[in-house]
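Residue numbers run from 1 in the order of the sequence given.
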Amino acid sequence: GELWLKRSQQRWVYQDGWDASVRTSVALRGRSAFLRRGQVEVFALAGLRVDLMELKNAAEEPGYVIGDAAFGSLGVEAGMGALLDLFEDYRARLDGVFLFGLATSGSAFGSGLKDNPRLLGGSLEFSIERYF
């Protein structure tokens, strides 16, 4: 198993300009290798993931009052990946992960989302990691 943490900043664009958002993702994953040939290992993974996103100046009230918005989601993920041993304790990793959101919530100006949209998505991630 593994505990996965990712914090990133994005720039989002709206009608009159752009602003920053911060996204934090935490996942608890299980990983199982099903093929190992030399320096390459191929594996499947599955887990639970929580995402939190803070958007600066993303909410608008009637009368053009601008404020921050926050969104969160809980989802399950599944995917495949590969590891390539590089040297000593380092390896390259490539993951393809599909996320299915179970619940989504959000708020702006102290009020929550009217709808509870489902989150679907995928990502392709490349990393260099050191293991102990």
Taking atom CD1 of I128 and atom CG of L84, what is their separation to the nearest 0.5 Å? 8.5 Å
Please assess V50 against T24 for the test side chain to side chain contact (heavy atoms under 4.5 Å, CB included), listing each intermediate value before the final yes or no. CA-CA 8 Å; V50 175; T24 305; over 6 Å; no
Linking I/L/V/M/F/W/Y whenever any side-chain heavy atoms sit under 4.5 Å apart, do V76 and F98 land together? yes
Cluster check L52, L5: I/L/V/M/F/W/Y, side chain < 4.5 angstrom: no
Tell me which donor-acceptor pairs under 3.5 Å the side chains of residues 37-48 have, and how far apart each pair is, sequence neighbours excluded?
residue: Q39; atom: NE2; partner: D85; partner atom: O; Å: 3.0
residue: E41; atom: OE1; partner: R36; partner atom: NH1; Å: 3.4

Residues in side-chain hydrogen bond (donor to acceptor under 3.5 Å, both in side chains) with [X], at least two apart?
{"X": "E129", "result": "R91"}
{"X": "S32", "result": "none"}
{"X": "S127", "result": "none"}
{"X": "R130", "result": "none"}

Apart from W4 itself, what residues make up its hydrophobic cluster when side-chain heavy atoms of I, L, V, M, F, W and Y under 4.5 Å apart count as a link, directly or indirectly? none
What residues, two or more places apart in sequence or in another chain, satisfy side chain to side chain contact (heavy atoms under 4.5 Å, CB included) together with L94? L124, F126
Which residues satisfy the salt bridge (Lys or Arg N to Asp or Glu O under 4.0 Å) test with R49, sequence neighbours excluded? D51, E77
Only counting residues at least two apart or in another chain, list the ones meeting salt bridge (Lys or Arg N to Asp or Glu O under 4.0 Å) with E2. R29, R31, R93
Taking only residues two or more places apart in sequence, or in another chain, which ones meet F87 in a ring-ring contact (aromatic ring centres under 6.0 Å, His included)? Y90
